[in-house]
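Per chain, numbering begins at 1; letters A, B, ... match sequence-line order.
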Amino acid sequence: MTLLDVQKLSIEYRLSDGKLRAVDQVSLKLESGDVLGLVGESGCGKSTLVKGIINLLPSNGRIIEGDIVFEDVVLNKLSKESMRKKRWKEISLITQSAMNSLNPVYRVGDQIAEVIIEHEKVGKRSAMEKAEELFDLVGLDRGRLQDYPHQFSGGMKQRAIIAMSLALNPKLIIADEPTTALDVIVQSQILERMNNLLKGYSGSMILVTHDVSVVAQTCTKVAVMYGGKIVEYGDVVQVLKKPNHPYTMGLKNAFPSLIGEKRELVSISGTPPDLSKEILGCRFAERCPFVIERCKGMSLEKTEVENGYFYCIRHAEKEELRKRADLPETWESEV
Amino acid sequence: MNENGSKVIETINLKKEFSVKVKNKGKIRETRVLKAIDGINLHVYEGETLGLVGESGCGKTTTAKVLLGLYPPSSGKIMLEGDDISHLNRSQMKSFRKQAQMVFQDPYESLNPRFKIKHTLMEPLEIHGIGKNKKERYEMAKKILGEAGLRPAEQFMERFPHEMSGGQRQRVAIARALVLEPTFLIADEPVSMLDVSIRAGILKLLRSMIAERKLAGIVISHDISLIRYISDRTAVMYLGKIVEQANTEALIKKRYHPYSEALLEAAPNPDPEVKFSLEKIKGEAPNAVDIPSGCRFHPRCPKCMEICKEVEPKEIEIEEGHMVMCHLYGGAGNE
């Protein structure tokens, strides 16, 4: 069953000297039970996209076209109040600085109970009982519900936020870099726990991250974003094992691995495009080692593959490009 | 590798303790000792990079600060090219600072926003009285900036930090650390704030600068897969002790200490078909105020034996140059 259907969504920010189109005609489908990884560099529009979905764009940002359909309801047409009722209950958001989003002057337990009381007609006592169950689920000691946020370590705060986001068993969790600030071991513990909890009630998640490894380990689907567009989408094994878009190939190379022989790390030279200017053709063309004349100026060509798609004009040569992308020389150039 | 080279920096049973006030019911009840570094022996050869890896709070950054003279050590010795530098007076400290430099984690905060890049690079030269006049200092700064990969250097010299990307700023930070021609360089999480696609370039630059200039380098990170790409040898730190130390590739192929094993297994991998595992470690690291008895890793260790709870293991050399501190391999023996 389709849970979330984003149709040709474009989001623009109003700046003092013009406009910036952070998300450009992005389409995305999510079935229940899917865990989608949204990867890309900073400034590629991944956070803007999820903020647009949950209707929390900053005041200078707005959706200029497209629709977000969540279980037959068009989210971007909802009133503020009905959207507020949906948050936490049906869609919850774990933000990038989740660790700092707890209120420092309230006890952690009270903050979790507040969410439950606000959305369900229950008393304080049963809300606290629910909070205790949630703490068990995320592996925190029940006694710590009485603590204040500053008494928690970073990993514990993050778990408390995850407990809160799961409080009402939302159908969709959007997690924006939920573990970036954490240690490897704590990160793996939290990712594993979230995955198991979601599986428990077949909830879905969109995981926003720049870390390809995290996606490889937790997600079933992956969407690679570059310059405000999704350039490649598909099953996680398919996309990471056999990338079709040169940008995905490059990202994969830039990632360190502990398995097998040491292979040279290769970075993608150059910087992402300036989205306040209009760009014709492929947005990755400036940094792409396989760029040809046709890449610039032409409209994009979508190639459908099994369970996914990608945008690259040289799609016919993808096997050949993949081989060349594996060689470090391909990516070498001046800074 | 530099087995025959000379040791540039060496620590002998180095300790750093802080006294912390323990609050109970809002009142300070007692003062206790926090052993941030609890007797470590490290050395770095000329032209070599040592990776220091461990969870947050294990004492990595404190080690860096003590080595740079930002904290005085509580006991033990630090030797720089054979001289004891554990306790220096003011003027000795000034000449020491010229030899020991640091690259910080966050290039968005470690550069003065009101200084042009040329001022940032020329200021240390001026302070240490290097170069006859402004013109000579300018040339020195320009040369190092070019070597750090920011070309054309003349243009970058005139820029302000806000006109540069994160990767470029970190290159400036590296250039600033190297402009004084130090003998010893520490980089604390040098790429964790940078985008994945450009990390490889910065790591490569650091590595080649350390090797070419025959510096002794220490790179600190919690991510062992990154450490693999930059360091010749790796030391694994846990709660103020180095529990395992070896040639990096040797350590990745064969790790003896259960903590190193857990750290490697828990790291997410970019290959979606190889999943991380958390079977080898439980819970979070304890507070350094309450260091467990015996082996400090025993409460989280899956291979914990009776002896581990009581006797602290000693460091033994299990293979040539491969040091480990664990009862599984002996190490209980008397002095």
Side-chain angles (χ1 to χ4, degrees), chain A residues 39-43 139 153-156 179-189 191-192 210-220 222 235-241 247 250-272 287 331 334-335, chain B residues 53-58 148-151 164-168 171 191-205 221-230 248-249 252 259 262-278 280-285 287 300:
Chain A
V39 280
E41 285 169 81
S42 1
S153 73
M156 289 164 69
T179 56
T180 305
L182 303 174
D183 265 312
V184 189
I185 290 176
V186 182
Q187 163 173 300
S188 298
Q189 283 169 343
L191 291 176
E192 188 181 61
H210 67 265
D211 193 334
V212 177
S213 304
V214 167
V215 170
Q217 302 288 301
T218 13
C219 300
T220 53
V222 58
D235 287 337
V236 76
V237 177
Q238 160 69 28
V239 172
L240 295 182
K241 282 278 188 183
Y247 180 62
L251 264 189
K252 205 184 131 211
N253 277 341
F255 246 85
S257 168
L258 284 167
I259 292 170
E261 284 304 304
K262 183 161 146 187
R263 138 190 89 71
E264 206 170 337
L265 283 188
V266 191
S267 51
I268 308 172
S269 56
T271 44
R287 298 168 80 188
W331 300 88
E334 281 302 294
V335 187
Chain B
V53 58
E55 287 169 277
S56 20
C58 75
L150 294 175
R151 282 175 290 246
M164 306 173 89
S165 69
Q168 290 172 335
R171 285 173 191 271
V191 296
S192 67
M193 300 293 287
L194 303 179
D195 256 315
V196 175
S197 61
I198 52 170
R199 283 183 181 180
I202 301 289
L203 289 176
K204 251 190 228 164
L205 172 70
S221 177
H222 70 266
D223 187 349
I224 196 161
S225 53
L226 271 181
I227 288 284
R228 181 181 190 190
Y229 286 89
I230 183 154
T248 306
E249 282 305 296
I252 283 166
Y259 181 63
L263 213 52
L264 263 93
E265 297 261 319
N269 206 282
D271 186 338
E273 284 168 352
V274 186
K275 297 287 180 196
F276 62 77
S277 144
L278 288 165
K280 302 221 161 88
I281 194 158
K282 302 170 265 186
E284 277 185 74
N287 194 318
R300 301 174 79 191

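- Counting only heavy atoms from C-beta outward, the side chains of B:D271 and A:K241 approach each other to under 4.5 Å.
- With a threshold of 4.5 angstrom between heavy atoms, A:V266 approaches chain B through N, CA, C or O but not through any side-chain atom.
- Judged purely by atom type and a 3.5 angstrom limit, B:K275 has no side-chain atom pairing as donor or acceptor with the backbone of A:T218.
- With chain A as the partner, the residue from B:A266, B:G201, B:S165, B:G57 showing the most heavy-atom pairs under 4.5 Å is B:A266.
- A 4.5 Å side-chain heavy-atom check between A:D211 and B:V196 finds every atom pair outside the cut-off.
- Counting only distance, with no hydrogens or angles, the side chain of A:Q217 and the backbone of B:P270 share no donor-acceptor pair below 3.5 Å.
- Distance check: B:K280 NZ to A:I185 CD1 gives 12.0 Å after rounding to the nearest 0.5 Å.
- For the options B:L263, B:N269, B:I198, B:L278, heavy-atom pairs under 4.5 Å to chain A are most numerous at B:N269.
- In summary, of the residues considered (A:V236, A:V239, A:V222, A:V212), a side chain to side chain contact (heavy atoms under 4.5 Å, CB included) with B:P272 occurs for A:V236 alone.
- To the nearest 0.5 angstrom, B:Q168 atom CD is 7.0 Å from A:T271 atom OG1.
- Under the ring pair (Phe, Tyr, Trp, His ring centres under 6.0 Å) criterion, A:Y247 pairs with A:Y226, A:F284, sequence neighbours left out.
- The closest side-chain heavy-atom distance from A:E192 to B:F276 is below 4.5 Å.
- Contact annotation for B:E249: only side-chain heavy atoms (C-beta onward) come within less than 4.5 Å of a heavy atom of chain A.
- Distance OG/A:S213 to CG/B:D223: 8.0 Å, rounded to 0.5 Å.
- Contact tally against chain B (heavy-atom pairs below 4.5 Å) for A:V214, A:V184, A:V186: the top residue is A:V184.
- Contact record, B:P268 with A:S188: CD-OG, 4.3 Å, taken as the closest heavy-atom pair.
- Both the backbone and the side chain of B:I224 have a heavy atom closer than 4.5 Å to some heavy atom of chain A.
- Note on B:K204, B:E273, B:E55, B:R228: by heavy-atom pairs under 4.5 Å with chain A, the leading option is B:R228.
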**Message:** Using side chain to side chain contact (heavy atoms under 4.5 Å, CB included), reason through B:L226 and A:F255 one step at a time and then give a plain yes or no.
**Reply:** CA-CA 9 Å; B:L226 271 181; A:F255 246 85; over 6 Å; no
